**Q** 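Mind having a look at this structure? Questions to follow.
If you're wondering where the values come from, they're calculated on a predicted model, not measured in any experiment. Both backbone and side-chain heavy atoms feed into the values below; hydrogens, waters and symmetry mates do not.
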Amino acid sequence: MTDVPALTFDGDLPGDDAEMLRVRECSTEPIRTIGAIQSHGRLFAIDEVTGVVVAASANAEHWLGRDLREAGSDMVSWSITHGVAVDPVRAEFEGVVYDVIAHRGTSPLVLEFEPVVPGLDYVRTGVVGAIQRLAAITDPDQLRQQAAREIKAITGYDRVMCYHFHDDAHGQVVADEREPDMEPYFGLHFPASDIPVQARTLYIEKRSRVIADTADPGTPIHTLLPEDSPLDLGPTELRAVSPHHLQFMRNMGQASTVSFGIVLDDQLVGMFTCAHRTPRRIPVLLRRAIEVLASQVASQLASAEQIRRLRRQLEARERRIALIAPLFGRADAGSVLMRGERTVLDVVPADGAVLRLGDAIDTVGVVPAPERLFAVVDELGPGRFLWEALPIERPELAVEIPGVTGLLVVPLGSDGDRLVFVRSEVARTVEWLGDQRPENREHPLSPRRSFSAWQESVTGRSLPWGEHAQDAYDLGEDIRAALVARTQAELAELAVRDALTGLHNRRYLDERLNDLLGASERSVAVVFLDLDDFKLVNDTHGHEMGDAVLAAIGRRLSGVARTTDVVVRLGGDEFVIVCVDASPAEAAAVAGRALAAITEPIVVRDIEMRVHASAGVVAAQRGTGASELLDAADAAMYRAKRGGGGRVSA
């Protein structure tokens, strides 16, 4: 499973109501103020002003009301004044050697005594090598699996699993290192209630949790504190375990566990859990070292995820650019997006898509009748909409568009333009860590009896949209931007185009001539054309026919001009051809071809008409201005007219 694929249920888990009840009940359990510790250690709460013990575990209650420094241990005294939880100290107390853990900043000060674990003092040195070996791994799946393998080798637990928590809070076993005779759990999912929210929150504050013996009933804490001020055991190592969780562990065949949180940006995204079939615990300094290892894994996972996300964003952007590029030209949007070699389905995988731009509707793939689809979409109103289980989440909409299970609506503007993606149902099989049905529990709030793999068929859902939803929204923004840019370009083009002939107009001519004449290395000549007696065409056949003749002449002039020339309609029946990098003789040849093309018969509505023209040709001299050049060409054209018309004059 690469990068732990997204899998969400939106509350649609097996036994949904019972699962929600378990989540609510577990969230109210007072695990921070449970009032007891695990029996292998001792705990003291000390008033830092007086040094008096104001709370103590039952196995050390004889210190209540006394100053712990009276024990005569320099290390205990030092811990009271200087100790910190991250760096425990070794001290002998009442004939037993303990690791003393001071929780600085709590009120009262909490001091924990953990008996030393024989033979494991230097095991933590192996964590350094493990971190070095893990540092070079970039693949998230391999990193989790190898980290679990390293932790198992260091700690000696029967099983080490790595959990990943999905967005909807349910978990999945994404690495499973175990003894050969143990049932595999790799890939199995488990509900959010297995690790309730307040327990997850504690892993952000305190990165590890030890449960040394599931048969341990715990040792209560006796206190001199007011009843309304229970001792907060949240940051402690020895905090006792809820009876529900102890039963949960026993049902899994676990006699002891130690877990390490994987925290990214103050969010618990995963966990390493070590489990053993007999009571077992490891020293606090080894736990601290593995906490560092887990932090290193978290950092590497974050880096790998960032690289994956950036690479994916780049690839998605490249696909969008390749699809959208033709839209900046004059290509039809529906053809580009829905009927080209690439379509919107290459950007957002779906069964089909429907595009509405104005009155035009285009489809690609398998889609419901567009009119029925847009009846539903328009009823939703403006904005983005996304569903992966439409028949479950919005059955009143699903009945109108049968066959659609996943729906993703992308707005393209404020006028009802939309791009809509649809997906059909995809049945999936999900493997759970234990049968999730009521038959596998004593009652709805009790833990599962069995944790053998159990398969559930998930129906009524499409494939998750996941990151493709953002791809769709980005695509919508790109389409909108391209259409806006194209409209602006068309408006700008209209400002320099003659609406009747499509040729450039006087505004463009002035700008172009000024640019060309300002470049001293360019030779420029102007051909000035005027139709002879064109008023007779309008008077005889009407202005509509006259406009058709002018449009035809514009096309003919474009056909005889060279590719470097600029053909302009000045207005009325006057045209100009700007010959770029042309000698006077070459410009005169262009003028001759233009007159010949104009005189060819023009047929409009079965009426044949013949039009003649006169032309003046002038080459620009150094220092000639645009208006001066046009005036000279105009004068040359009038000389041609006075000479009888239908000719070229220079």
**Q** I'd like to check Ile80 versus Glu48 (side-chain heavy atoms, cut-off strictly below 4.5 Å). Are they in contact?
**A**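 No, too far: nothing below the 4.5 Å cut-off.
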**Q** What I want to check is whether the side chains of His170 and Asp168 have a donor and an acceptor closer together than 3.5 Å.
**A**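 On atom types as modelled, these side chains qualify, holding a pair under 3.5 Å.
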**Q** Is it the case that more than 12 heavy atoms not belonging to Arg317 sit under 6.0 Å from its CZ atom?
**A**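 For Arg317, atom CZ is not crowded (no more than 12 foreign heavy atoms under 6.0 Å).
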**Q** Check whether the ring centres of Phe248 and Phe451 lie less than 6.0 Å apart, and answer yes or no.
**A**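 Judged by ring-centre distance (under 6.0 Å), Phe248 and Phe451 do meet the cut-off.
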**Q** Does atom CD of Glu396 have more than 12 heavy-atom neighbours, drawn from other residues, nucleotides or ligands, at distances under 6.0 Å?
**A**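 Yes, because the 6.0 Å sphere around CD of Glu396 holds more than 12 heavy atoms from other groups.
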**Q** Quiz question: by atom type and distance under 3.5 Å, do the side chains of Tyr98 and Arg90 form a donor-acceptor pair?
**A**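 Result is no, nothing qualifies.
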**Q** Does any non-hydrogen side-chain atom of Arg149 lie less than 4.5 Å from one of Gln146?
**A**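 Touching, per the 4.5 Å side-chain cut-off.
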**Q** Give a yes-or-no answer on whether the side chains of Asn440 and Ser450 include a donor-acceptor pair shorter than 3.5 Å.
**A**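 Result is no, nothing qualifies.
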**Q** With a 4.0 Å cut-off, would you call Arg287 and Glu114 a salt bridge?
**A**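 Here Arg287 pairs with Glu114 in a salt bridge, since their nearest N and O are under 4.0 Å apart.
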**Q** Would a 4.5 Å heavy-atom cut-off, applied to side chains only, mark Phe44 and Glu112 as touching?
**A**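 Side-chain contact under 4.5 Å: no.
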**Q** Between Gln455 and Thr429, is any side-chain donor less than 3.5 angstrom from a side-chain acceptor?
**A**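 Their side chains do not contain a donor-acceptor pair, so the 3.5 Å distance test is not met.
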**Q** Verify whether one side chain among Glu179 and His276 offers a donor that lies under 3.5 Å from an acceptor in the other.
**A**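 Result is no, nothing qualifies.
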**Q** Given salt bridge (Lys or Arg N to Asp or Glu O under 4.0 Å), test Arg133 with Glu150 step by step and report yes or no.
**A** CA-CA 9 Å; Arg133 287 187 291 273; Glu150 296 279 3; 2.8 Å; yes
**Q** Salt-bridged, Asp194 to Arg448, with N to O below 4.0 Å?
**A**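 Looking at Arg448 together with Asp194, the answer is yes, because their closest N to O distance falls below 4.0 Å.
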**Q** Can a salt bridge be assigned to the pair Arg309 and Glu305 using a cut-off of 4.0 Å between side-chain N and carboxylate O?
**A**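 Yes.
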**Q** Evaluate the side-chain proximity of Ile282 to Tyr157: yes if any heavy-atom separation is below 4.5 Å, no if none is.
**A**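 Yes. Closest side-chain heavy atoms under 4.5 Å.
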**Q** Taking the six-membered ring of Phe272 as reference, does the cationic atom of Arg144 (NZ for Lys, CZ for Arg) lie under 6.0 Å from its centre and within 45° of its axis?
**A**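 Here Arg144 fails the 6.0 Å and 45° test against Phe272.
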**Q** Under 4.0 Å between a Lys/Arg side-chain N and an Asp/Glu carboxylate O for Asp471 and Arg312?
**A**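 So Asp471 pairs with Arg312 through a salt bridge.
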**Q** Set out, in order, the CA-CA distance, both residues' side-chain angles and the distance that settles salt bridge (Lys or Arg N to Asp or Glu O under 4.0 Å) for Asp158 and Arg178, then state yes or no.
**A** CA-CA 6 Å; Asp158 291 332; Arg178 68 192 190 283; over 6 Å; no
**Q** Is there a side-chain hydrogen bond (donor to acceptor under 3.5 Å, both in side chains) between Ser424 and Asp351 once you walk through the steps?
**A** CA-CA 7 Å; Ser424 58; Asp351 292 307; 3.0 Å; yes
**Q** Could you tell me which residues satisfy side-chain hydrogen bond (donor to acceptor under 3.5 Å, both in side chains) with Gln313, sequence neighbours excluded, listed by chain and number?
**A**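 For Gln313, no residue satisfies side-chain hydrogen bond (donor to acceptor under 3.5 Å, both in side chains) once neighbours in sequence are set aside.
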**Q** Indicate yes or no: at least one non-hydrogen side-chain atom of Val54 is less than 4.5 angstrom from one of Thr223.
**A**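 Contact flag for Val54/Thr223 side chains = no.
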**Q** Any carboxylate oxygen within less than 4.0 angstrom of a Lys/Arg side-chain nitrogen, looking at Arg277 and Asp181?
**A**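 Judged by the 4.0 Å cut-off on N to carboxylate O distance, Arg277 and Asp181 do form a salt bridge.
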**Q** Would you say Leu386 and Tyr473 make side-chain contact, with heavy atoms under 4.5 Å?
**A**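 The answer is yes; the side chains approach within 4.5 Å.
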**Q** Going by atom types only, do Ser57 and Thr219 share a side-chain donor-acceptor pair under 3.5 Å?
**A**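 There is no such pair (donor and acceptor under 3.5 Å, judged by atom type) between the side chains of Ser57 and Thr219.
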**Q** Report yes or no: is the cationic atom of Arg423 (NZ for Lys, CZ for Arg) closer than 6.0 Å to the six-membered ring centre of Trp465, at no more than 45° off its axis?
**A**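 Relative to the ring axis of Trp465, which defines the angle, Arg423 lies inside both limits.
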**Q** Judged by modelled atom types alone, do Ser259 and Thr273 share a side-chain donor-acceptor pair under 3.5 Å?
**A**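 Yes, side-chain donor-acceptor contact under 3.5 Å.
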**Q** Any side-chain donor-acceptor pair under 3.5 Å between Trp432 and Gln172?
**A**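 Absent: no donor and acceptor within the cut-off.
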**Q** Is Glu94 paired with Arg42 through a side-chain N to carboxylate O contact shorter than 4.0 Å?
**A**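 Yes, Arg42 and Glu94 are salt-bridged.
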**Q** Please find out if less than 6.0 Å separates the ring center of Tyr203 from that of Phe260.
**A**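 Ring-ring flag for Tyr203/Phe260: false, centres at least 6.0 Å apart.
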**Q** Is any side-chain heavy atom of Glu425 closer than 4.5 Å to one of Pro391?
**A**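 A side-chain contact is absent here, since even the closest heavy-atom pair is not under 4.5 Å.
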**Q** Which class fits the ring pair Trp63 and Phe93: parallel under 30°, tilted 30 to 60°, perpendicular over 60°?
**A**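 Tilted.
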**Q** With under 30° as parallel and over 60° as perpendicular, where do the rings of His166 and His164 fit, or are they tilted in between?
**A**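 Rings of His166 and His164: perpendicular, over 60°.
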**Q** Under a plain distance cut-off of 3.5 Å, with no hydrogens placed, do Arg250 and Gln247 share a side-chain donor-acceptor pair?
**A**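 Yes.
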**Q** Is there a side-chain contact between Val258 and Arg281 (heavy atoms, below 4.5 Å)?
**A**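 Counting from C-beta outward, Val258 and Arg281 never come under 4.5 Å.
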**Q** Can you pull out every salt bridge (charged side-chain N to carboxylate O under 4.0 Å, His left out) where at least one residue sits in residues 216-233? Sequence neighbours excluded, please.
**A**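 Applying salt bridge (charged side-chain N to carboxylate O under 4.0 Å, His left out) to every pair that reaches into residues 216-233, excluding sequence neighbours, yields Arg32-Asp232.
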